[in-house]
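Below: the structure, in structure tokens.
Residue numbering restarts at 1 for every chain, and letters A, B, ... go by the order of the sequence lines. Hydrogens, waters and symmetry mates are skipped; everything else that's a heavy atom, side chains included, is used. Given the structure is predicted, the values throughout are model-derived calculations rather than measurements.
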2 protein chains.
Amino acid sequence: MSTMQEVASRAGVSKATVSRVLSGKGYVSQETKDQVFRAIEETGYRPNLLARNLATSKSMCIGLVVTNTLYNGNYFSELISQAAKKLDANGRQLILVDGKNSAAEEQEAIEFLHDLRCDGIIIYPRFLSVDEMDLIIDKYKKPVMVVNRKLRKHQSHCIYCDHKGSSYQATQALIARGHRDIAFITGSMDSPTAIERLSGYKDALIAAGLPVRESLIVQGKWSPASGAAAVSALLAADHSFSAIVVSNDEMAIGAMKQLSDAGIKVPDAVSVIGFDNIPTAPFLIPALSSVKDPVSDMVSEVINQIISMLDGGYLSEKNQFTSDLILRDSVADGPFYSPDKNRA
Amino acid sequence: MSTMQEVASRAGVSKATVSRVLSGKGYVSQETKDQVFRAIEETGYRPNLLARNLATSKSMCIGLVVTNTLYNGNYFSELISQAAKKLDANGRQLILVDGKNSAAEEQEAIEFLHDLRCDGIIIYPRFLSVDEMDLIIDKYKKPVMVVNRKLRKHQSHCIYCDHKGSSYQATQALIARGHRDIAFITGSMDSPTAIERLSGYKDALIAAGLPVRESLIVQGKWSPASGAAAVSALLAADHSFSAIVVSNDEMAIGAMKQLSDAGIKVPDAVSVIGFDNIPTAPFLIPALSSVKDPVSDMVSEVINQIISMLDGGYLSEKNQFTSDLILRDSVADGPFYSPDKNRA
DNA sequence: TTGTACGCGTTATCAA
DNA sequence: TTGATAACGCGTACAA
């Protein structure tokens, strides 16, 4: 590992000159430039980024905190890949840090990134409350952006998606097709997203003058297995329903399996609506109509915003994104499922 | 941002003492310890990791290079999450760096991590050749581990999976069920994995005394769309086949869709075998029997090895992993598909 | 048990 | 156009 000093000696100049050549700042004669470059070639010199970052208090890195429980398939990879691509186009690197399983650990991950002098931090929170995040933003000078939460105080530091609206639309679409008995499978209820989606479902029923029946609402935990379990619970409860709104695709897949195992032909009898981002889901789950979160767009906007903050300016504020509702023809209007009709 | 010096002044001691308190190394009286801790509380001091890393030439970080094209759904998230978890248990952080789209960029990503003084580097290569990687390992002092490639020289620095064997087994299983006309959809042929899988398929045919028919081998590009296109090509070619081995799940899903669109009932007529790691695939694709890559195990082993190298020792060498072959009953033995039989 | 002083490899300021 | 030299913030022999 040769240092800048070694390059300098070899080129017969001072460290300062080498530094100038590398940064392109300041005046250096072509002659000495050539000498320096040759010395760099010969020594295989590479700048020590730690030293550079320490000296400049910059790192050309943006940190991303995502909690372990969200490391989940397509949604996650879309998030990461979009972030990496956008940042790369800006000459920066992405550093991914695990937020693990609690608010304290999410907090710790943020501080770690800060201690590393990241130029900016993106948080996709799972446990931290919006108030805690507002405090965090107050605390740091460097740009901090929050994805998937609507902050109270720092409105321009967050990007979020209208989960309630998406859920409302999905439910409304089913109602428009004639469904009246619509079940709902929630996500983990400690997640704001899950709560919003449930509330969109309820509001849509109410708006249509339909009753909200708690017996048709079952809790899931985002996983395929929990979706399957939820369907079992619904079937066991012996209530009629002709459609299910499921709070994400993974659970929808589990729900499908369980329905199928129970001998219920979904395209004919029950509509399942997922959310999120499994691109293949629309044709894997016959009756699925899906609501796709615009992860890519949101991440993209977050990074625009961070870069803009680093450059001193503030972008105009486009905070709220809406999901795309994709309805498919194969969602049949009937015959609807009811325990009596489907039991042997 | 208060520094160690400020803490020291406030506590009425020297920097060195503060450093000792923080590291737990060296003797410090309880009394001064208390004073230092109080000063830390009061100032909200946090060590500057850049400075620490520069001073020690360590970073407690492990870098992971993955190429953009591999940021793909479940396989990728399983890789990342396992890596993050294992490292965390060891008190280290994972830094993910994009290998982008070429060998040069993969190389650059590695150097970046090195310039950041990562304690170790994990490469999941896409474009770098094994020889190039052997050279890279020679070049660096810090531990470098390669996933999914069998190196020539540094055998203990790589972990790989027997893709050829998996493919062989999958094909063999179909043959055992009576299939004789088995088509194959490859991955991108610039990928060693794709080449190995193809060769396993061929060998299995040969071993069973069956002909290798190039007309039944179609190139895909790992994506669902390319799987669908491959099936179109197969159908257009007008050759009979009763089963397809598909080089990954994504393509298998696309293949399924295309078969279904063509009016071919898969469970009855065509068996599709995928690879990789979509956990829900087995019940999403009726006729799928799958070969699952042990990503988690491989990553886990890689990290064990890196940690062991950092601690000076070398683990015993468990390099090769094998995939699990999961066959499902629903893979029907017949009737087989043939153009004549299925055309209107 | 504590403090001094130097090194880590850069960048940046100011003379020359 | 170039070169000393002082930061940057921390670790660590070595001395006290």
Side-chain angles (χ1 to χ4, degrees), chain A residues 1-40 43-61 111-119 141-142, chain B residues 1-40 43-61 111-119 141-142:
Chain A
M1 284 296 83
S2 45
T3 71
M4 186 178 269
Q5 179 57 64
E6 292 172 35
V7 172
S9 309
R10 196 179 193 93
V13 296
S14 70
K15 280 193 307 180
T17 301
V18 176
S19 181
R20 278 186 210 103
V21 172
L22 256 55
S23 69
K25 298 265 178 190
Y27 301 90
V28 186
S29 75
Q30 189 57 45
E31 194 183 2
T32 51
K33 258 186 197 168
D34 293 341
Q35 286 172 337
V36 168
F37 278 129
R38 186 145 43 84
I40 289 178
T43 55
Y45 166 78
R46 297 218 109 218
N48 180 328
L49 296 184
L50 290 177
R52 172 179 295 172
N53 294 347
L54 176 60
T56 58
S57 282
K58 278 177 196 165
S59 67
M60 297 306 276
C61 285
E111 303 219 297
F112 171 77
L113 289 169
H114 185 254
D115 295 343
L116 266 185
R117 298 298 181 268
C118 274
D119 293 350
K141 302 293 178 191
K142 303 264 171 120
Chain B
M1 284 297 82
S2 46
T3 72
M4 185 179 267
Q5 179 58 61
E6 291 172 36
V7 172
S9 309
R10 196 178 193 98
V13 298
S14 71
K15 280 195 309 180
T17 301
V18 176
S19 181
R20 279 187 209 103
V21 172
L22 255 54
S23 69
K25 300 263 177 191
Y27 301 90
V28 186
S29 75
Q30 188 58 45
E31 194 182 2
T32 52
K33 259 187 197 167
D34 293 341
Q35 285 172 338
V36 169
F37 279 128
R38 187 146 41 84
I40 289 177
T43 56
Y45 166 77
R46 296 220 109 217
N48 180 327
L49 296 185
L50 290 178
R52 171 180 294 172
N53 295 346
L54 177 60
T56 58
S57 283
K58 277 177 198 164
S59 68
M60 298 306 276
C61 284
E111 303 221 298
F112 171 77
L113 289 169
H114 185 253
D115 296 343
L116 266 185
R117 297 296 181 272
C118 274
D119 293 351
K141 302 293 179 191
K142 304 263 172 119

Does [X] reach a base, just sugar-phosphate, or nothing at all? Heavy atoms under 4.0 Å.
X	value
Lys15(A)	base
Arg117(A)	nothing
Thr3(B)	sugar-phosphate
Thr32(A)	sugar-phosphate

Candidate nucleotides [options], ranked by approach to the side chain of [X] - the nearest:
X	options	answer
Ala51(B)	dT12(D), dC10(D), dG3(C)	dC10(D)
Arg52(B)	dG11(D), dT13(C), dG9(C)	dG11(D)
Ala16(B)	dT12(D), dT1(D), dT2(C)	dT12(D)
Thr56(B)	dT1(C), dG11(D), dG9(D)	dG11(D)
Pro47(B)	dT2(D), dT10(C), dC10(D)	dC10(D)
Leu54(A)	dG9(C), dT2(C), dG3(D)	dG9(C)
Met4(B)	dC10(D), dT10(C), dT2(D)	dC10(D)
Ser14(B)	dG3(D), dG3(C), dT1(C)	dG3(C)

Expressed as a whole number of angstroms, how long is the span from [X]:[atom1] to [N]:[atom2]?
X	N	atom1	atom2	result
Ile40(A)	dT10(C)	CD1	P	10 Å
Leu116(B)	dG9(C)	CG	P	15 Å
Lys25(B)	dT2(C)	NZ	C1'	19 Å
Met1(A)	dC8(C)	CE	C1'	15 Å
Leu22(A)	dT10(C)	CG	P	9 Å
Gln5(A)	dG7(C)	CD	P	13 Å
Leu49(B)	dC8(C)	CG	C1'	16 Å
Asn48(A)	dG9(C)	CG	P	7 Å

Which atom names give the shortest non-hydrogen contact between [X] and [Y], and what distance separates them?
X	Y	value
Met4(A)	Val18(A)	CG-CG1, 3.6 Å
Val36(B)	Val7(B)	O-CG1, 4.2 Å
Leu54(B)	Leu50(A)	N-CD1, 3.9 Å
Lys15(B)	Ala8(B)	N-CB, 3.6 Å
Arg117(A)	Met1(B)	NH2-SD, 4.0 Å
Ala39(A)	Ala11(A)	CB-CB, 3.9 Å

OP1 or OP2 of [N] sitting under 4.0 Å from any side-chain N/O of [X]?
X	N	answer
Ser57(B)	dC8(C)	no
Tyr45(B)	dC10(D)	yes
Thr17(A)	dG3(D)	yes

Residue met sooner reading DNA chain C from 5', once Arg20(A) and Ser2(A) are mapped to nucleotides:
Ser2(A)
To the nearest 0.5 Å, tell me how far Asn53(B) CG sits from Leu49(A) CG.
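Asn53(B) CG to Leu49(A) CG: 12.0 Å, rounded to 0.5 Å.
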Atom pair CD (Gln35(A)) and OG1 (Thr17(A)), whose distance is rounded to the nearest 0.5 Å
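Going from the CD atom of Gln35(A) to the OG1 atom of Thr17(A) covers 10.5 Å.
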So how far off straight is the helix from dT1(C)-dA16(D) to dA16(C)-dT1(D), going by the axes through five pairs at either end, to 10°?
40°
Do Ser2(B) side-chain atoms and Thr43(B) backbone N/O form a donor-acceptor pair below 3.5 Å?
yes
So, does the side chain of Arg46(B) form a donor-acceptor pair with the base of dG9(D) at under 3.5 Å?
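Check fails, no donor-acceptor contact within cut-off.
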